[in-house]
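Following: one structure in structure tokens, then a few remarks.
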Amino acid sequence: MKKVLSLVLALCMILSLCACKSSEKTSSDGYEIALVTDVGNIDDKSFNQGAWEGVEKYAKDNKKTYSYYRPSEDSTEARVETIKQAIDKGAKVVVCPGYLFEDAIYTVQDQFSNVQFLLLDGEPHDADYANYKTASNTHNILYKEEQAGYLAGYAAVKEGYRKLGFLGGMAVPAVIRYGYGFVQGANAAAEELGVTGDVSMKYWYCGGFAPTDDIKTKMSGWYTDGTEVIFSCGGGIYLSCTAAAEAAGKKVIGVDVDQSAESATIITSAMKELANSVVLALTDLYKNNGTWPADLAGKTAVLGAVEGCVGLPTATWSMKNFTVDEYKALFEKVKNGIITISNASDAAPAVTISVDYQN
């Protein structure tokens, strides 16, 4: 029995040593750039996928090793553990897409001062929002969602739609800016066409980012009531919206990335050019020898039309009455500041079209 125990202990020691060596090897020969996903995966046709495409493009073009890691559950603790796992696997740069990472980055940025963090769509703060801090090894990117929403709302009305809907996920600032931008764009096009009395919009936040039967039921009700196209703004909720649209023979506007391949009902998408913004940030990082330059270190950039980081997809354009050339002319006006769009999220914009804000 003693011999058996001795053999078992010896085997355990050998395995432990092997594991340590393997871990050391992974740390030195592992993946330099890491993406940690939020509650979705890299094929979510939304935020994770857009960010991953940027990581992949930069890494391949510049011969950097890269990988992605998915937390085991939707919690700050799981996200922190996954970030640590990525660092253990050799990550010198960790890209985190979405506001769900705000308190996780707040926790880890000081613990791993030699690691560079890129936070998309958020700024680090503690769990109760009492303290905000962006360390010098962290760079944040926010977006001018109001510009993307404006372009989508304007296009929808110019295309000929008069009964619109806005389906938001959680009422967080980014989603609100999308929605209020959508309202402003629809209003601008309606005023140009002289049809403000004909254009109306239903507006609702569902309180989450996952598809549910309740969302589908409500959207089906909107379509039955005459709504022609709904801007679905919030991760996976587009699945509920497109299901309702397919059943009703109606249309949807996607969000964050070009979602047109997901359903024939999607006429366009109000995009954040996530891939482009990640490539821009990583380019600046590596030009500065792998640390954030002074104008990015500990700071937040807000990217929009000027940087080519918001817009509608032209490669998959399907609209007939509102052309790509007309869209490009509109985009240039937004880019050059000829058209100004409010980014306020504390109060709905004053417009002349009818908007039904629902609880």
side-chain hydrogen bond (donor to acceptor under 3.5 Å, both in side chains) for Q49 and E53? Distances and angles first, verdict last. CA-CA 6 Å; Q49 180 168 333; E53 288 171 356; 3.1 Å; yes
Please examine the side chains of L330 and I339, heavy atoms only from C-beta on, and report whether any two atoms are closer than 4.5 Å. yes
For the pair N276 (side chain) and C309 (backbone), establish whether a donor and an acceptor sit closer than 3.5 Å, ignoring hydrogens and angles. no
Check the orientation of F331 and Y327. Use parallel for under 30°, tilted for 30 to 60°, and perpendicular for over 60°. tilted
What do you reckon, is NZ of K57 surrounded by more than 12 foreign heavy atoms closer than 6.0 Å? no
Only one of K218, M219, K216 forms a side-chain contact (heavy atoms from CB on, under 4.5 Å) with S240, so which one is it? K216
Within 6.0 angstrom of Y99 OH, more than 12 heavy atoms from elsewhere: yes
Flag, side chain of N336 to backbone of E332, donor-acceptor distance under 3.5 Å: yes
Just so I know, are the side chains of C206 and L167 near enough to count as touching, which here means a heavy-atom distance under 4.5 Å? yes
Can you check whether A189's main-chain N or O pairs, donor with acceptor, with K158's side chain at less than 3.5 Å? no
Kindly indicate, with the supporting measurements, whether the criterion ring-ring contact (aromatic ring centres under 6.0 Å, His included) is fulfilled by Y58 and Y286. CA-CA 10 Å; Y58 181 84; Y286 280 100; 5.5 Å; yes
T268 versus E159: any side-chain heavy-atom pair under 4.5 Å? no
Any side-chain donor paired with an acceptor under 3.5 Å for D38 and N48? yes
Backbone N/O of K299 and side chain of T134: donor-acceptor pair under 3.5 Å: no
Give a yes or no answer on whether the side chain of S269 reaches the backbone of M271 with a donor-acceptor pair at less than 3.5 Å. no
Are any non-hydrogen side-chain atoms of T82 and Q85 less than 4.5 angstrom apart? yes
Strictly below 4.0 Å, N to O, side chains only: are E145 and K272 in salt-bridge contact? yes
Verify the distance criterion only: is there a donor paired with an acceptor across the side chains of S260 and D258 at less than 3.5 Å? yes
Where the side chain of R162 meets the backbone of V157, is there a donor-acceptor pair that is under 3.5 Å apart? yes
Same cluster (ILVMFWY, side-chain, under 4.5 Å), L120 and L285: yes
Short question: side chain of T300, backbone of N140 - any donor-acceptor pair under 3.5 Å? no
Do you reckon L282 sits in the same ILVMFWY cluster as Y66, going by side-chain contacts under 4.5 Å, direct or chained? yes
Over 60° means perpendicular and under 30° means parallel, so tell me whether F322 and W317 are parallel, tilted or perpendicular. tilted
Heavy-atom pair of closest approach, residues Q116 and W292: OE1-CD1, 3.1 Å
Picking from T242, I266, I253, what satisfies side-chain contact (heavy atoms from CB on, under 4.5 Å) with Q259? I266
Would the number of heavy atoms belonging to other residues, nucleotides or ligands and lying under 6.0 Å from CG of D213 be above 12? no
Using a 4.5 Å cut-off on heavy atoms from C-beta on, say whether the side chain of D74 contacts that of R79. yes
Taking atom types as modelled and ignoring hydrogens, do the side chains of S277 and E307 form a donor-acceptor contact shorter than 3.5 angstrom? no
Can you confirm whether Y132 sits close enough to E102 that some side-chain heavy atom of one is under 4.5 Å from a side-chain heavy atom of the other? no
Should V351 and I176 be regarded as members of a common hydrophobic cluster, given that ILVMFWY residues are connected when their side-chain heavy atoms come within less than 4.5 Å of each other, either directly or indirectly? yes
Would you check if there is a donor-acceptor pair between the side chains of N288 and T291 at a distance under 3.5 Å? yes
May I ask you to test the W52-D43 pair for a side-chain heavy-atom distance under 4.5 Å? no
Under 3.5 Å, side chain of Q109 to main-chain N/O of K133, donor-acceptor pair present? yes
Evaluate the side-chain proximity of V252 to S263: yes if any heavy-atom separation is below 4.5 Å, no if none is. no
Result for ring-ring contact (aromatic ring centres under 6.0 Å, His included) between Y203 and one of W222, F182, F166 points to F166
Establish whether V80 and L100 are linked, either directly or via other cluster members, by ILVMFWY side-chain heavy-atom contacts under 4.5 Å. no
Modelled atom types, side-chain donor and acceptor of Y178 and Y180, under 3.5 Å: no
Counting N and O atoms only, with roles assigned by atom type, does the side chain of E228 sit under 3.5 Å from a partner on the main chain of K163, one being a donor and the other an acceptor? yes
Taking Y223 for the side chain and K251 for the main chain, is one N or O donor matched with an acceptor at less than 3.5 Å? yes
Would E262 and Y238 count as having a side-chain donor-acceptor pair, cut-off 3.5 Å? yes
